[in-house]
There are 2 protein chains.
Amino acid sequence: MSSQKATISDRIQEKLDALTRAERQLALSILENYPASGLGPLASLAKDAQVSVPTVARMVQKLGYKGYPDFQAELREELRAKAKDPIAKHDTWAEAAPSEHLLNRFTDAVIDNIRLTLGQINPEEFDRACALIADQSNHLFVVGGRITHTLAEYFFMHMQVIRSNLTHVQSTSNTWPHYLLNAQEGDVFVIFDVRRYENNTLKLAEMAHARGARIILFTDQWRSPVHHLADVSLSCRIIVPSAWDSSATTMLLVETMIAAVQDLNWDETKERMEALEVMFDQTKLFRKFT
Amino acid sequence: MSSQKATISDRIQEKLDALTRAERQLALSILENYPASGLGPLASLAKDAQVSVPTVARMVQKLGYKGYPDFQAELREELRAKAKDPIAKHDTWAEAAPSEHLLNRFTDAVIDNIRLTLGQINPEEFDRACALIADQSNHLFVVGGRITHTLAEYFFMHMQVIRSNLTHVQSTSNTWPHYLLNAQEGDVFVIFDVRRYENNTLKLAEMAHARGARIILFTDQWRSPVHHLADVSLSCRIIVPSAWDSSATTMLLVETMIAAVQDLNWDETKERMEALEVMFDQTKLFRKFT
DNA sequence: AGCGATTTGTGATATTTTTTTCACATATTT
DNA sequence: AAATATGTGAAAAAAATATCACAAATCGCT
């Protein structure tokens with residue numbers, strides 16, 4: 001059911017035959033660089049199309065709009081819809097459920113979060129962060145807060161396999177100052193801090209920064225205050241139709257980073273992974289996967 | 001360095017720190033559905049961002065434009081340029097990165113996982129699971145394994161706020177048989193088990209099942225053997241271009257379930273949540289979010 | 001080619017909308 | 001407590017739009 005709403009572009013092309021010479025000239029000019037030209041003032045559009053002002057006014061009414069602003073509003077709406085589109089062709093994600101079902105609304109929101117988050121990411125920064133983390137000559141500290149400690153743990157757990165020389169710090173714990181005693185210039189802190197930002201985390205970041213460590217921050221769209229101290233800030237959108245915030249997008253980034261670091265260290269990691277496999281087989285802790 | 005001219009989006013992000021709270025709120029709103037919202041009248045933009053008209057006027061000048069129309073003109077120009085650039089037509093997630101960049105490949109895979117996972121979900125089963133979990137007369141056990149224990153913990157942490165009468169069990173721990181002593185008919189087990197499936201988890205499930213408990217299972221596309229015992233099985237696709245599997249989709253489902261259960265128990269939870277808020281404010285553990 | 005009908009542009013004007021800017025009260029932050 | 005930021009309501013200025021009448025151009029047709 002491609003009930004795709006007809007775009008203005010479609011509408012123009014459809015009516016192209018019913019238009020007069022000057023109007024057609026105008027129409028083609030609109031399509032020329034669509035939809036940018038239609039979003040400027042009427043007079044500019046007229047000038048661009050080398051057509052008079054009344055012609056434009058007459059045509060938009062012919063197309064069925066109340067006036068030029070009306071026409072523009074729909075163009076903007078179209079742009080809005082298109083921006084969200086890439087995969088939004090799905091009317092629903094869980095097709096068996098109505099679109100108002102939480103499954104669909106929640107997923108919509110998460111996809112949106114992913115889209116917006118990735119759109120704002122700076123790949124160079126991301127790569128730089130991965131390189132920092134992959135370098136085993138720096139000690140790696142992983143820091144999580146109250147909500148984020150599961151993400152931190154997830155990240156830490158994988159890093160344990162990928163590299164050595166790392167520590168997991170829980171900022172809500174009161175033992176963390178001890179860890180800092182070992183921190184030195186050049187060490188790397190991966191810090192998770194989303195709203196509501198935790199003062200402990202900020203303090204820890206400040207001390208780490210003072211000691212010359214580099215900070216990679218996973219935060220939300222409003223950015224933890226830690227980001228002033230961070231070498232690389234990755235801010236994720238976390239809004240969902242829930243009383244809670246979503247960590248799904250952050251999880252995606254974390255996993256991507258794990259994969260990237262893994263790739264960088266593949267030569268060594270390979271052996272570790274294989275060793276792990278053997279160990280699991282021996283202990284019969286896991287079933288063999290076929 | 002890319003010779004791409006800096007977009008307004010870039011510019012906003014760059015200056016994000018130099019902006020005040022309301023301005024930042026506005027800036028994020030502009031980025032929200034970029035660039036459509038910036039192309040409408042100033043007043044609408046202000047309304048969308050829930051910000052006053054002068055704030056908008058002040059910000060665009062702060063960004064270096066002579067006035068709002070000036071700002072809009074550049075937005076249109078950008079749109080024009082983008083439409084002409086054949087390379088920009090690529091639908092990448094991180095637009096600043098080539099489509100072969102891991103950020104894009106990984107995200108593609110996850111979106112795919114989400115799509116396929118949601119497509120296979122039975123909403124009635126999902127709702128049934130939520131209802132079971134929301135019912136506080138059943139004791140709730142949350143069970144995680146080696147990899148999944150972070151997800152289990154995440155789920156448990158939220159459930160602690162939403163309801164009482166629950167226990168977190170780690171299947172890899174050897175203390176879990178003790179928990180089972182308390183399990184009785186009608187109790188609910190939420191079990192996480194993805195490949196490689198863990199024998200301990202299976203045993204635990206068997207015992208729980210034998211005692212008449214009901215099982216809700218989060219697993220992967222190949223399904224843990226536990227699924228034979230489960231009342232509701234939610235299987236998630238977890239394949240990504242990495243040596244590891246992805247938990248992002250499972251996380252999405254878990255969060256959706258948290259939101260759904262939250263909704264079901266909202267009357268009671270409301271108070272708990274508010275109490276929590278007050279507590280955080282008192283302890284000054286978190287900063288006030290505006 | 002030439003005629004009538006239709007379309008289009010011109011220039012002006014009225015109308016509406018939008019932008020800009022104020023001063024000041026209220027919030028918020030430091 | 002002081003400094004800074006923000007919203008309110010209003011009003012002035014600017015810009016954009018909608019219209020009009022009429023002349024010029026174009027078109028369709030014989």
Side-chain angles (χ1 to χ4, degrees), chain A residues 8 15-30 35-76 195-197 199 202-203 206 222-228, chain B residues 8 12 15-30 35-76 281 284 286-290:
Chain A
I8 291 193
K15 287 216 176 188
L16 211 53
D17 293 329
L19 299 179
T20 60
R21 181 191 52 79
E23 285 171 347
R24 195 152 36 233
Q25 185 177 325
L26 168 60
L28 290 174
S29 168
I30 292 177
S37 42
L39 291 164
L42 184 149
S44 327
L45 178 56
K47 198 176 161 199
D48 275 6
Q50 293 180 290
V51 146
S52 73
V53 167
T55 298
V56 180
R58 282 190 280 252
M59 194 187 75
V60 291
Q61 299 193 3
K62 213 172 192 172
L63 288 175
Y65 300 96
K66 204 185 155 201
Y68 189 67
D70 194 28
F71 169 79
Q72 281 191 319
E74 193 157 322
L75 265 186
R76 279 197 303 274
R195 76 173 181 186
R196 300 142 162 273
Y197 314 117
N199 271 332
L202 179 55
K203 276 189 203 153
E206 277 164 354
W222 302 283
R223 303 207 209 172
S224 148
V226 172
H227 96 269
H228 292 112
Chain B
I8 290 194
I12 289 178
K15 288 216 174 187
L16 212 52
D17 291 327
L19 299 178
T20 60
R21 179 191 49 80
E23 286 171 344
R24 201 156 27 235
Q25 184 177 325
L26 168 62
L28 289 173
S29 167
I30 293 176
S37 43
L39 291 165
L42 184 151
S44 326
L45 178 56
K47 200 177 161 196
D48 275 5
Q50 293 180 292
V51 145
S52 72
V53 167
T55 298
V56 180
R58 283 190 279 250
M59 194 188 77
V60 291
Q61 299 194 2
K62 214 171 192 173
L63 288 175
Y65 300 95
K66 204 185 156 199
Y68 188 68
D70 193 28
F71 169 79
Q72 281 191 320
E74 193 157 324
L75 266 186
R76 279 197 304 274
D281 280 355
K284 296 282 182 199
F286 298 108
R287 305 199 154 182
K288 198 143 195 171
F289 172 73
T290 46

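In what follows, every chain begins at residue 1, and chains take the letters A, B, ... in the order their sequences are listed. Every value quoted in this text rests on a predicted model; they were computed, and no experiment measured them.
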Let me know the distance between [atom1] of [X] and [atom2] of [N], rounded to the nearest Å.
| X | N | atom1 | atom2 | answer |
| --- | --- | --- | --- | --- |
| B:Gln25 | C:dA27 | CD | P | 16 Å |
| B:Lys62 | D:dT6 | NZ | P | 7 Å |
| B:Arg24 | C:dT28 | CZ | C1' | 13 Å |
| B:Gln50 | D:dG7 | CD | C1' | 13 Å |
| A:Glu23 | C:dG9 | CD | C1' | 13 Å |
| B:Tyr68 | C:dT17 | OH | P | 17 Å |
| A:Gln72 | D:dT17 | CD | P | 6 Å |
| A:Arg76 | C:dT18 | CZ | P | 9 Å |

- Task: Answer yes or no: is there a donor N or O on one side and an acceptor on the other, between the side chain of A:Arg24 and the main chain of A:Leu19, under 3.5 Å?
- Result: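 Yes, A:Arg24 side chain to A:Leu19 backbone: donor-acceptor pair under 3.5 Å.
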
- Query: For the atom pair NZ (A:Lys47) and CG (A:Leu42), what is the distance rounded to the nearest 0.5 Å?
  - Reply: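 Answer for the NZ-CG pair, A:Lys47 versus A:Leu42, is 14.0 Å.
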
- Message: Starting the side chain at C-beta, find the nucleotide from D:dT17, C:dT21, D:dG7 nearest to B:Ala57.
- Response: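 Nearest nucleotide to the side chain: C:dT21.
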
- Query: Between A:Asp70 and B:Thr55, which has a closest nucleotide on DNA chain D that is more 5'?
  - Reply: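 Result of the comparison: B:Thr55.
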
- List the steps and the verdict of side-chain contact (heavy atoms from CB on, under 4.5 Å) for B:Gln25 and B:Thr55. CA-CA 10 Å; B:Gln25 184 177 325; B:Thr55 298; over 6 Å; no

- Message: Working note: A:Arg58 + A:Glu23, criterion salt bridge (Lys or Arg N to Asp or Glu O under 4.0 Å); need CA distance, chi angles, decisive distance, verdict.
- Response: CA-CA 9 Å; A:Arg58 282 190 280 252; A:Glu23 285 171 347; 5.6 Å; no

- Please determine if a side-chain N or O atom of A:Thr20 lies less than 4.0 Å away from the OP1 or OP2 oxygen of C:dT6.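 No, because none of the side-chain N or O atoms of A:Thr20 sits under 4.0 Å from OP1 or OP2 of C:dT6.
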
- Task: Go through the steps to decide whether B:Asp70 and B:Val60 satisfy the test side-chain contact (heavy atoms from CB on, under 4.5 Å), and finish with yes or no.
- Result: CA-CA 9 Å; B:Asp70 193 28; B:Val60 291; over 6 Å; no

- Using a 4.0 Å heavy-atom cut-off across all strands, classify A:Gln61 as base, sugar-phosphate, or nothing.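 Sugar-phosphate contact only - A:Gln61 comes under 4.0 Å of backbone atoms but never of a base.
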
- Select base, sugar-phosphate, or nothing to describe what B:Val53 touches, counting heavy atoms under 4.0 Å on all strands.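 Answer is base: heavy atoms of B:Val53 come under 4.0 Å of a base.
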
- Item | Closest-nucleotide ordering on DNA chain C, the 5'-leading residue of B:Pro69 and B:Arg58 |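 Its nearest nucleotide being more 5', the pick is B:Pro69.
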
